[in-house]
Amino acid sequence: MKFEKIGMRTIKTALAVSFTILLSQLLNLRSPFFAGIAAIIAMQTSVSESFTMAKNRMYGTILGGTVALLFSYFAPENVFSIGIGIIIIIYTCNLFGWKKSVQISTMVFLSIILNYEEGSRLNYALYRTLDTLIGLIIGTLINYFIVPPKVEDKIRDSIHNMYSEFKDIIESIIWGDESGSLENLRKYLADVEENYNILKKDIKLNLCKTDDCYNYDWMFNTFEAIYNHLSILFAIEKTPQLTEENKRALESLFSKEIPLPSNEKLDELDLVYNYHLKKLLKGLNSIQVALYNVQSIIE
């Protein structure tokens, strides 16, 4: 059995839950369970995601509690009124763009409507909101101040993987018998885009330098352009004749000679192929230089 080391996110989650439960006991809160759950949910893979999750959960908790209190005082408790309450909550969340708050809001609504035996609904709603708020605050603060997650590391790893994948596919096209697949490249692009969007949110919290964001923005756009050029090369179903310029660029990039002859006259498809190959290689070279510069700064 292979044992993996315990990650920092695991340690921070345990710390957040433990501290939340301790504080709940000191404050004599009724439901430390909900506080602990909120602390777990707040521990996301980035600080900005922790803030977003905390915001969505608080919106949902307050909305669900408010609707539940109104229904408990002004509407009879039956299946029909509960259904109407659920409709109102979902409609309100969609109206204000709180779509990620729908689930927690409806859950809070049901817990207050159906668990009246724990005390008055008003007290239960207030304690439920307070428990959630404490857990979210502690979880978010611990994620922010104790070794905050670095989205830049994930982006750099994705960029390195994508760059290597591009090179492997081009090498298979020029030197191999198979042309490879664009499926993995599309996944890497989606991964980089997702992490880049998180990075832009982290910048607003002063967790990343603006210059770094600009560099990643440029790299992402360059990879998109390279992917588009490569897609066109895949669509050309013929063995191309390469220009001397592209042949030298390929041999320089991969440090080996190309077995393909380049003496014959180029036809229209060859010209199209070489145009997109030239753009692709230029983009890869610029990415290579950028990765080298980033690595030099890190070291």
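In what follows, every heavy atom counts, from backbone to side chain, and hydrogens, waters and symmetry copies are set aside. Quick note: residue numbers are just sequence positions, from 1.
- When hydrophobic clusters are built by joining Ile, Leu, Val, Met, Phe, Trp and Tyr residues whose side-chain heavy atoms come closer than 4.5 Å, directly or via intermediates, F80 is grouped together with F109.
- Scanning all heavy atoms of the two residues, the minimum distance from G65 to V108 falls at N-CG1, 3.6 Å.
- Taking hydrophobic clusters as Ile, Leu, Val, Met, Phe, Trp and Tyr residues chained together by side-chain heavy-atom distances below 4.5 Å, I226 shares a cluster with I173.
- Separating the OG atom in S164 from the CG atom in D168 is a distance of 6.5 Å, to the nearest 0.5 Å.
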Task: Step-by-step side-chain hydrogen bond (donor to acceptor under 3.5 Å, both in side chains) determination, N228 to S231 - done: CA-CA 5 Å; N228 293 333; S231 299; 5.2 Å; no
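- Residues T132 and R128 have side chains that bring a donor and an acceptor to within less than 3.5 angstrom of each other.
- A 4.5 Å side-chain heavy-atom check between K247 and E251 finds at least one atom pair inside the cut-off.
- Separation of atoms CZ (R57) and OG1 (T140) is listed at 11.5 Å; rounding is to 0.5 Å.
- Contact detail for T222 and G283: the closest heavy-atom pair is CG2-O, 3.9 Å.
- Within the 4.5 Å cutoff, side-chain heavy atoms of V47 are placed close to those of P149.
- Considering only heavy atoms from C-beta on, H229 stays 4.5 Å or farther from L277 through its side chain.
- The heavy-atom pair separating I84 from F71 by the smallest distance is CG2-CZ, 3.9 Å.
- N274 contributes a side-chain N or O that, together with a main-chain N or O of D270, makes up a donor-acceptor pair within less than 3.5 Å.
- In this structure, M43 is not a member of the same hydrophobic cluster as I137, with clusters built from ILVMFWY side-chain heavy atoms closer than 4.5 Å.
- Taken from CD1 in I258 to CG in N246, the straight-line distance is 8.5 Å, to the nearest 0.5 Å.
- When hydrophobic clusters are built by joining Ile, Leu, Val, Met, Phe, Trp and Tyr residues whose side-chain heavy atoms come closer than 4.5 Å, directly or via intermediates, I40 is not grouped with I138.
- At a cut-off of 3.5 Å, with distance as the only test, no side-chain donor of S158 or N161 sits close to an acceptor on the other residue.
- Judged purely by atom type and a 3.5 angstrom limit, S105 has no side-chain atom pairing as donor or acceptor with the backbone of V102.
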TODO: Test side chain to side chain contact (heavy atoms under 4.5 Å, CB included) on I6 and I11 and set out the steps.
DONE: CA-CA 7 Å; I6 300 176; I11 296 174; 3.8 Å; yes
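- The OG1 atom of T61 sits 10.5 Å away from the CG atom of N56 when rounded to the nearest 0.5 Å.
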TODO: Start with the C-alpha distance between K278 and K282, add both sets of side-chain angles, then the distance that settles side chain to side chain contact (heavy atoms under 4.5 Å, CB included), and finish with yes or no.
DONE: CA-CA 6 Å; K278 178 181 178 180; K282 182 179 179 181; 5.6 Å; no
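- For F34 and Y127, the gap between ring centers reaches or exceeds 6.0 Å.
- Looking only at side-chain heavy atoms (C-beta outward), L266 and Y273 stay at 4.5 Å or farther from each other.
- Closest approach of G36 to V17, counting heavy atoms only: O-CG2, 3.9 Å.
- Residues L26 and I134 are members of separate hydrophobic clusters, defined by side-chain heavy-atom contacts under 4.5 angstrom among Ile, Leu, Val, Met, Phe, Trp and Tyr.
- Residue Y163 comes nearest to L284 through the heavy atom pair CE1-O, 3.6 Å, listed as atom of the first residue, atom of the second, then distance.
- Side chains of W218 and S286 form a contact here, defined as non-hydrogen atoms less than 4.5 Å apart.
- Looking at heavy atoms from C-beta onward, I112 lies out of side-chain contact with S72 at the 4.5 angstrom threshold.
- With a 6.0 Å radius and a threshold of 12 heavy atoms from other residues, nucleotides or ligands, Y91 has its OH atom at or below the threshold.
- A distance of 11.0 Å separates CE of M58 from CH2 of W98, quoted to the nearest 0.5 Å.
- Across every non-hydrogen atom of M162 and V192, the tightest pair is CE-CG2, 3.6 Å.
- Residues I159 and R156 have side chains not in contact (no heavy-atom distance under 4.5 Å, counting atoms from C-beta outward).
- The closest side-chain heavy-atom distance from L281 to E245 is not below 4.5 Å.
- Salt bridge status for K187 with E193: absent, with no side-chain N to carboxylate O gap under 4.0 Å.
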- [ ] Please assess I90 against N94 for the test side chain to side chain contact (heavy atoms under 4.5 Å, CB included), listing each intermediate value before the final yes or no.
- [x] CA-CA 6 Å; I90 296 177; N94 290 332; 3.6 Å; yes
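- By the 30° and 60° cut-offs, the orientation of the rings of F223 relative to F166 is parallel.
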Open item on the list: I'd like to know whether D157 forms a side chain to side chain contact (heavy atoms under 4.5 Å, CB included) with Y188, so could you lay out the CA-CA distance, the side-chain angles of the two residues, the decisive distance to 0.1 Å, and finally the verdict.
Closed with: CA-CA 10 Å; D157 290 341; Y188 285 132; over 6 Å; no
